[in-house]
Amino acid sequence: MTIRVIIVDDQAMVRAGFAALLSAQADIDVVGEAPDGRQGVQVSRTVHPDVVLMDVRMPEMDGLTAAREILSPPPGVVHRPRVLMLTTFDIDDYVYEALRAGASGFLLKDAPPADLIAAVRVVASGEALLAPSVTRRLIADFVQQRPAPRKDPSLRLNGLTPRETEVLELIARGMSNQEIAGHLVLAEQTVKTHIGRVLAKLDLRDRAQAVIFAYEAGLVRPGDSG
């Protein structure tokens with residue numbers, strides 16, 4: 001199945017470069033682009049992409065606001081694509097809020113071409129792009145700086161079995177399914193089943209939100225690592 005992508009970035013050269021790279025892939029089709037967040041929302045609702053590549057800093061409407069609008073659409077709008085935020089180290093402050101808004105992860109704008117292609121495929125498949133250790137450190141920092149002003153999420157952990165709680169903790173520590181399977185001496189398919197149950201019970205969209213939830217619930221403390 002072809003992955004439909006739109007690119008939202010205020011730099012024409014960046015849009016052109018990403019479009020050329022992705023369009024050269026047999027399984028990816030660039031179906032639109034926009035120079036700012038406001039137009040990005042409009043394009044998304046018009047062409048119904050599978051993945052939105054969203055820059056963080058843009059005029060008119062920034063990428064974070066646009067991501068919120070795309071992922072929490074008004075009544076009557078049913079299409080919700082995956083959003084992959086494009087960022088640089090000097091604007092990491094936005095990453096945590098983007099993940100809490102429902103983005104499926106982020107990619108550094110100077111990442112190698114192969115990483116961009118892989119990221120689009122990973123996000124389109126329903127996974128979250130949270131493997132790099134730098135992501136774990138960033139999320140830990142953000143949680144430490146901004147405790148969530150909402151009801152205590154730790155109460156919702158009571159609905160998980162001890163094994164599911166353990167799997168959630170290892171997800172938050174940045175482990176892959178294969179690493180979790182090795183750590184717990186389980187089959188990888190069993191780990192996938194546990195993860196599916198964790199997401200369903202906690203009403204979480206994907207692995208990215210699971211990581212955020214685990215930090216906010218106090219299951220993993222800032223600074224912890226796998």
Side-chain angles (χ1 to χ4, degrees), residues 1-11 14-15 17-19 21-23 25 27-89 91-111 115-132 134-135 138-139 142 171 199 203-213:
M1 187 179 74
T2 301
I3 303 168
R4 294 165 56 83
V5 178
I6 68 170
I7 302 166
V8 186
D9 194 295
D10 61 329
Q11 297 181 39
V14 171
R15 295 198 308 273
F18 284 177
L21 177 65
L22 294 174
S23 295
Q25 310 307 308
D27 60 336
I28 300 176
D29 187 13
V30 178
V31 296
E33 59 179 65
D36 61 65
R38 192 177 308 282
Q39 292 186 50
V41 173
Q42 294 171 351
V43 172
S44 177
R45 290 178 181 165
T46 299
V47 304
H48 294 172
D50 299 306
V51 176
V52 177
L53 282 178
M54 180 77 73
D55 189 21
V56 171
R57 282 182 176 174
M58 290 180 291
E60 297 296 325
M61 179 187 287
D62 63 55
L64 180 57
T65 303
R68 286 197 185 105
E69 291 206 9
I70 288 173
L71 296 168
S72 299
V77 178
V78 297
H79 179 69
R80 288 206 312 168
R82 300 282 173 170
V83 175
L84 179 60
M85 304 300 295
L86 299 168
T87 186
T88 56
F89 278 117
I91 49 176
D92 286 337
D93 193 47
Y94 290 89
V95 174
Y96 174 68
E97 294 300 331
L99 293 175
R100 286 180 70 182
S104 292
F106 73 92
L107 185 72
L108 296 176
K109 293 182 77 171
D110 59 356
D115 286 3
L116 172 63
I117 296 167
V120 169
R121 290 172 177 153
V122 166
V123 170
S125 73
E127 290 293 319
L129 199 70
L130 283 175
V134 63
T135 310
L138 288 172
I139 293 174
F142 298 142
I171 291 173
L199 297 181
D203 193 25
L204 302 173
R205 188 178 183 194
D206 57 25
R207 205 181 190 96
Q209 291 192 336
V211 173
I212 296 299
F213 181 92

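Just so we're clear, the structure is a prediction, and the values are computed from it rather than from any experiment. Residues: numbered from 1 along the sequence shown.
- Take Ile117 and apply the side-chain contact (heavy atoms from CB on, under 4.5 Å) test, not counting sequence neighbours, and it matches Leu21, Leu22, Gln25, Ile28, Arg121.
- Screening residues 65-82 for salt bridge (charged side-chain N to carboxylate O under 4.0 Å, His left out) gives Arg82-Asp206 as the qualifying pairs, with residues at least two apart or on separate chains.
- The OG atom of Ser104 sits 7.5 Å away from the CG atom of Leu71 when rounded to the nearest 0.5 Å.
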Take Arg57 and Asp10 through the test salt bridge (charged side-chain N to carboxylate O under 4.0 Å, His left out) and record every step on the way to the result.
-> CA-CA 8 Å; Arg57 282 182 176 174; Asp10 61 329; over 6 Å; no
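- When all heavy atoms are compared, the tightest approach of Ala67 to Val83 is CB-CG1, 4.1 Å.
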Side chain to side chain contact (heavy atoms under 4.5 Å, CB included) evaluation trace for Met54 with Ile70 = CA-CA 11 Å; Met54 180 77 73; Ile70 288 173; 3.7 Å; yes
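- Under the rule for a side chain to side chain donor-acceptor pair (under 3.5 Å), the partners of Arg15 that lie at least two apart in sequence or sit in another chain are Glu33.
- Within the 4.5 Å cutoff, the side chain of Val211 has heavy atoms near those of the Ile171 side chain.
- Between Thr65 and Asp62, some side-chain heavy-atom pair lies under the 4.5 Å cut-off.
- Proximity of Val52 to Ser44: side-chain heavy atoms (C-beta onward) are separated by under 4.5 Å at one or more points.
- For the pair Val120/Val5, a side-chain contact is recorded, criterion being any heavy-atom separation below 4.5 Å from C-beta on.
- Pairing each heavy atom of Asp55 with each of Met85, the nearest pair is O-CE, 4.3 Å.
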Apply side chain to side chain contact (heavy atoms under 4.5 Å, CB included) to the pair Arg4 and Val51, showing each step before the final yes or no.
-> CA-CA 6 Å; Arg4 294 165 56 83; Val51 176; over 6 Å; no
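- Interatomic distance, Leu107 CG to Leu53 CG, rounded to the nearest 0.5 Å: 8.0 Å.
- When all heavy atoms are compared, the tightest approach of Arg45 to Pro74 is NH2-CD, 3.3 Å.
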